Structures are given as structure tokens and as C-alpha cells.
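Input: a single structure, listed below in C-alpha cells.
In listed order, ligands and their atoms are each counted from 1. Worth saying up front: this structure is predicted, and the values here are computed from it rather than measured.
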Amino acid sequence: MAAPDTLASRSLASVWHPCTQMKRHEADPPVAIARAQGPWLYGVDGQRYLDGISSWWVNLFGHGHPHIQAALTDQLARLDHVMLAGFTHAPVVELSERLAALTGLGHAFYGSDGASATEIALKMSAHYWRNQGQPAKSRFVGLAGGYHGETVGALAVTDIALFRQAYGPLVRLADTVPSPDARGAQPGESARDVALRAARALETWLAEHHATTAALILEPLVQCAAGMLMHDAEYLRQARALCDRYAVHLVADEIAVGFGRTGSMFAHQQAGMRPDFICLSKGLTGGTLALSAVLTTDDIYAAFYDDEVARGFLHSHSYTGNPLACRAALATLELFEQTDALARNARLARAIDAACAPLAAHPRVRHARRQGMIWAWDVHTTLPDFARRYHQHAMARGLLLRPIGHTLYAMPPYVLDDEAVQHLATAALAALDATLADEPATPAPAEERLP
Ligand SMILES: *Cc1c(COP(=O)(O)O)cnc(C)c1O
């Protein structure tokens with residue numbers, strides 16, 4: 001129970017928390033955080049927690065980074081906000097130019113969060129085909145277990161039952177094709193074999209449905225919300241070739257995996273292919289402000305460029321291209337260069353691998369895996385509420401981790417020092433043993449999967 005008049009109890013009275021059965025908070029109140037610095041969160045009670053999941057995958061260079069702070073303070077004094085229809089400003093122009101240089105996709109459309117980016121890409125794709133005289137190409141296909149956000153349009157391509165089941169009647173469901181999840185390897189099969197098998201299934205599907213399909217949407221290399229499912233880059237090469245052959249757009253949802261998470265600046269770059277759309281958010285502002293962007297090609301842009309108003313993309317959000325958020329994004333991109341972040345991350349990842357070796361070797365862990373700065377370990381357990389219990393045991397040890405179902409994962413900020421690396425590894429292992437000690441003698445049904 002939350003003590004009366006604390007932030008936790010006032011929060012429960014007035015704040016409806018995301019992705020939460022609020023009744024659960026009767027027993028387990030929300031943790032009030034007073035401040036944050038680097039990879040650490042500090043509770044109002046003075047407890048510190050290592051932010052092992054980058055505050056839902058958004059933080060890159062730690063909390064309160066002085067470079068981002070200085071950029072925001074400077075921007076706040078110059079221009080807080082101006083509407084982007086009919087107006088423009090230096091931060092949005094510079095950010096668009098830099099994202100174009102990084103990806104080769106030269107036209108940036110802005111939204112405020114990830115789900116709005118997903119919907120922008122889907123709408124643009126279908127509208128492109130309509131402008132090309134092919135209005136029948138208006139449906140979408142995604143991967144089994146795909147996650148692309150939770151607004152009604154985004155739910156159509158999100159294949160996670162827990163998030164979708166109550167809203168079925170509202171959603172125009174997209175089809176799904178098999179995931180190239182490398183854990184699906186049969187004995188003797190490599191991750192690449194699984195990718196090729198999944199690509200053949202995609203080919204079969206496209207051969208039948210391409211005439212009514214606008215786009216394939218996928219999370220390149222890691223399907224995060226489904227439980228950090230990792231696949232071989234060969235799938236992305238195959239998917240690109242198939243989308244070309246069948247005239248279907250390829251949307252790379254890099255909302256979680258962009259900005260160095262998978263080891264390269266963007267995940268699709270490891271396949272040496274170019275998507276038709278790239279969705280970005282989460283790390284885009286270094287975890288400071290809500291901003292999303294959809295990048296696309298000259299060809300798609302040109303299909304909207306016309307004397308006729310209705311052929312344009314008439315979509316808008318009030319805060320589109322907010323100058324503060326764009327400045328935070330520019331400062332974040334500067335940090336990648338100034339700190340040589342990708343090379344540093346490669347070294348940091350090896351240190352975390354070494355520290356977490358006992359976790360990977362734990363007798364109850366299966367499929368220990370890593371892609372760039374994302375680690376995952378599947379835990380063999382009968383606990384139906386493993387994720388919730390593990391989270392509590394980890395928090396009690398000063399570590400924020402939130403398993404998805406039976407998958408324990410870490411997605412830390414890029415700024416862990418040796419002490420933080422050791423803390424992550426030691427507390428994660430201790431929390432696992434403490435959680436498994438809670439196991440009842442007989443297994444219980446129904447597991448939960450909240451990211
Ligand atoms: C988080 C996420 C989204 C949705 O972003 P929100 O900002 O939460 O709406 C979409 N796609 C992927 C891959 C994500 O991980």
C-alpha cells in the first residue's frame with residue numbers, strides 16, 4: 001500500500017498509468033523518482049536504480065546529459081515553438097538534412113511519438129499507390145509478433161494479442177507472415193536458414209496478395225516488444241528483393257532499434273539495403289522529448305507533388321517539428337560523433353557480455369542472445385507472473401529491468417562505467433535467483449507479456 005499523501009498515493013488517485021492494471025498498484029505502488037543522472041534514477045527516498053532498460057528504450061547517453069541540456073536551454077531562449085505548416089526554422093531543417101545524410105532518404109515528415117510515425121508511413125504508402133492509380137493497394141502485412149504502436153491504426157499491424165484483443169472490432173487487421181526469429185531454428189539450421197525459410201513464406205504471401213498490398217512493415221534485426229526476437233540480416237535483404245519484385249513498399253520501423261541500438265546507426269544498414277520508409281522516435285531526442293520522424297524517398301515524395309491539393313499529404317500534428325525536440329535530436333546526433341559512440345558501444349558490449357556470462361550460463365536460461373546493445377535471456381520457469389516478480393526483486397537491488405513474459409532483457413544507456421556494468425550483472429543474476437526461489441511446486445497457467 002502507498003502511504004497517504006506520498007507522491008505514489010497521489011499518483012494513484014489522479015494519474016492513469018500506461019500499460020498497467022491499476023489495481024495491481026494497491027500491493028505494489030509506483031516508484032516516485034526525484035531526479036536522474038547518467039544511467040541512474042534516484043527515488044524521492046534517496047534509493048538509486050540503474051536504468052537497465054533506458055526508460056522504455058528511449059535514453060541513449062544517460063539522463064541529464066549536459067550537451068543536450070545546453071542545446072535545449074539555448075533553443076528555449078530563441079524559439080520555443082512555431083507551427084510547421086507555412087513556417088520553418090533552423091532546427092527542423094538541420095535535423096532533416098542530417099537524417100537524410102545518415103540514411104539516404106531525403107524527405108522527413110514529423111510526428112510526436114512512435115505510433116504516429118507508424119501511421120504516417122502506412123497512410124503515405126497507401127496514398128502513394130492511390131496517387132499512382134492503384135487504389136486497390138491499400139492493405140498491409142507485418143511479421144508475426146510485430147509491434148508498431150498502440151493507437152488504432154498502429155494496432156492494425158501490431159501482432160501482440162494482449163495489446164490488441166480488447167480492440168478487435170475497431171481495427172482493420174493486417175495479415176502477418178512468419179517471423180524470422182532465430183530461435184525457430186530446427187536442429188542443424190542456422191539463423192540464416194530460418195531467415196531464408198521465413199522469406200520463402202513472405203514470397204508465397206506476396207505472390208498471392210501483392211495487388212492489394214501497399215506495404216510490408218517490420219522491425220529490422222530485433223522484434224523488441226515481442227520479447228527481443230532477433231533475426232539474421234539476410235531476411236531484410238530477401239524482403240527488400242521481394243518487395244521490389246512485387247511492387248510493395250518496405251517500411252523499416254526503427255523506432256526501438258535505431259540510433260546505435262543494434263550496433264550500427266540504423267539496423268537495416270547491416271543488411272546493406274534501403275527501405276522506402278524509415279520510422280524513428282524513442283532515441284531520436286536522446287530520451288528527452290517526444291518526437292518522431294518518417295523518412296522517405298524522392299520517388300514517394302514526387303508522387304504527392306502536384307498542382308492538385310488532394311494529391312498532397314494533408315496530415316498534421318500540432319507539435320510537428322517542434323524546435324526544442326529537434327534541437328535535442330541534433331544534440332543527440334552530435335554526441336554520436338563527439339563520443340565515437342558506435343565504437344565505444346562495441347567495447348562496452350564486450351564488457352557487459354563478460355560480466356553477464358554467469359547469467360547466460362545459468363541453468364534456467366535458454367537462448368542467451370545479443371544484438372548490439374540489446375541483451376536477452378529466456379528463463380525456463382513455471383511462474384506465471386515471472387516478469388512482475390523479477391521486476392520487484394531487481395528494484396529491491398537497485399536495478400530497473402522489466403522482463404517481457406519469460407524473457408529477461410537489458411537495453412541500457414550507452415554510458416555505463418565499470419561500476420554500473422558490474423551492478424547490472426550482479427543484481428540481474430541475484431534477482432533471477434531470488435525470483436526462481438518463489439516458484440511454487442506445481443506450475444500455474446497463463447503468462448503475461450508486458451514490455
Ligand atoms: C515503442 C515502439 C513503437 C511505438 O512508439 P510510441 O512512442 O510508444 O507510440 C512503435 N514501433 C516500435 C518498434 C516500438 O518499439
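Within the 4.5 Å cutoff, side-chain heavy atoms of Leu335 are placed close to those of Ile68. Within the 4.5 Å cutoff, no side-chain heavy atoms of Met228 are placed close to those of His367. Contact check for Leu143 versus Pro180: side-chain heavy atoms found under the 4.5 Å cut-off.
Residue pairs satisfying the side-chain hydrogen bond (donor to acceptor under 3.5 Å, both in side chains) criterion with at least one member in residues 271-284, sequence neighbours excluded, are listed as follows: Arg240-Asp276.
Ordered by chain and residue number, the residues placing a heavy atom less than 4.0 Å from ligand 1 are Trp57, Asp113, Gly114, Ala115, Tyr147, His148, Gly149, Glu219, Asp253, Ile255, Ala256, Lys282.
Using modelled atom types, one finds no donor on one side chain facing an acceptor on the other under 3.5 Å when comparing His317 with Ser112.
Between Tyr319 and Tyr110, the ring centre distance reaches or exceeds 6.0 Å.
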